[in-house]
Structures are given as C-alpha cells and as structure tokens.
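To keep things clear, I will list the structure first and then write my remarks on it.
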Amino acid sequence: MTNELKENSLYTNSYWDIFWKNFLVGFARGLGGLATYLILLVIVYYAFLALVLPKISPFLTAFQKTQDNLERLQNPGSMLNGLFQKNSKSIELDTPTTTR
C-alpha cells in the first residue's frame, strides 16, 4: 500500500506545481489584504461623515463664503457688467430714438 501512495514533497513535485501553488497562495493573500483595506477605508469614511464633518461644517461654510468674497473683490467688473447688460437691453427697447 505504501508503494501506491505518492509522496507529496518538495523534491517529488515539478517546478510548475510548486510555482502554481505559491502563485495561488500569494494571490489569495493579496486579495485578502485588498478586501481588508477596503473594509477599513469604508469604516473610516463613515466615521468621518458621522463624527467629524458635523463639527467642522461651520468652518467650511465660512471658508467658502470667504473664498467667494475674495473672488468678487478680485473681479468687480464682471459682476457689474452683468447687471448693466440686463438693464441696457430693457432700456434700449423701451426708449424711442430721436434724431435732430
């Protein structure tokens, strides 16, 4: 009966069998590490949304308003040009032109 059993050792297996088994083990380990990383990332993301974001949202809105005000101060003509263009069209249509 011992003659019928094939011994499965490093010396009796082919190089391809050893490579294939090690490749599968390494692939499974990498896939498990990726899954663990993604689960951890999702937990940190939801913890940030639930715990940290409500506390810093007033600062973020104040920062956003400050950025908007700075952009308006840097480009004051663009805001005024938009207002005058709307009014100038209505004035041109309402007033008749007279020539002397």
Side-chain angles (χ1 to χ4, degrees):
M1 186 166 204
T2 58
N3 293 339
E4 295 175 6
L5 293 176
K6 181 180 177 183
E7 289 186 27
N8 196 8
S9 70
L10 185 64
Y11 300 109
T12 58
N13 285 336
S14 68
Y15 292 119
W16 176 250
D17 289 338
I18 296 169
F19 173 78
W20 182 246
K21 288 178 185 177
N22 285 322
F23 177 78
L24 286 178
V25 168
F27 186 77
R29 183 176 179 184
L31 195 61
L34 178 66
T36 304
Y37 174 73
L38 290 177
I39 290 170
L40 181 66
L41 189 66
V42 167
I43 290 171
V44 168
Y45 175 74
Y46 281 114
F48 177 79
L49 286 180
L51 301 174
V52 177
L53 191 61
K55 293 183 181 180
I56 64 170
S57 64
F59 299 109
L60 293 176
T61 55
F63 180 72
Q64 185 178 10
K65 288 179 183 178
T66 305
Q67 290 289 63
D68 291 341
N69 289 335
L70 285 174
E71 286 179 11
R72 286 185 198 146
L73 287 174
Q74 289 176 356
N75 300 323
S78 64
M79 184 171 62
L80 295 176
N81 287 339
L83 292 174
F84 287 132
Q85 286 176 356
K86 290 180 185 176
N87 292 336
S88 65
K89 288 181 183 177
S90 63
I91 291 172
E92 289 175 338
L93 295 176
D94 292 340
T95 57
T97 56
T98 57
T99 58
R100 289 186 187 200

Enumerate donor-acceptor pairs with a distance under 3.5 Å from any side-chain N or O in residues 22-41 to protein atoms, sequence neighbours excluded.
{"unit_1": "N22", "atom_1": "ND2", "unit_2": "I18", "atom_2": "O", "d": "3.2"}
{"unit_1": "T36", "atom_1": "OG1", "unit_2": "G32", "atom_2": "O", "d": "2.8"}

Spacing of NZ belonging to K65 relative to CG belonging to L70, to within rounding of 0.5 Å: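 Interatomic distance, K65 NZ to L70 CG, rounded to 0.5 Å: 14.5 Å.
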List, one per line, each side-chain donor-acceptor pair under 3.5 Å for residues 48-63, sequence neighbours excluded.
{"unit_1": "S57", "atom_1": "OG", "unit_2": "P54", "atom_2": "O", "d": "3.3"}
{"unit_1": "T61", "atom_1": "OG1", "unit_2": "S57", "atom_2": "O", "d": "3.3"}
{"unit_1": "T61", "atom_1": "OG1", "unit_2": "P58", "atom_2": "O", "d": "2.8"}

More than 12 heavy atoms of other residues, nucleotides or ligands under 6.0 Å from CD of Q67: is that the case?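 Yes, enclosed.
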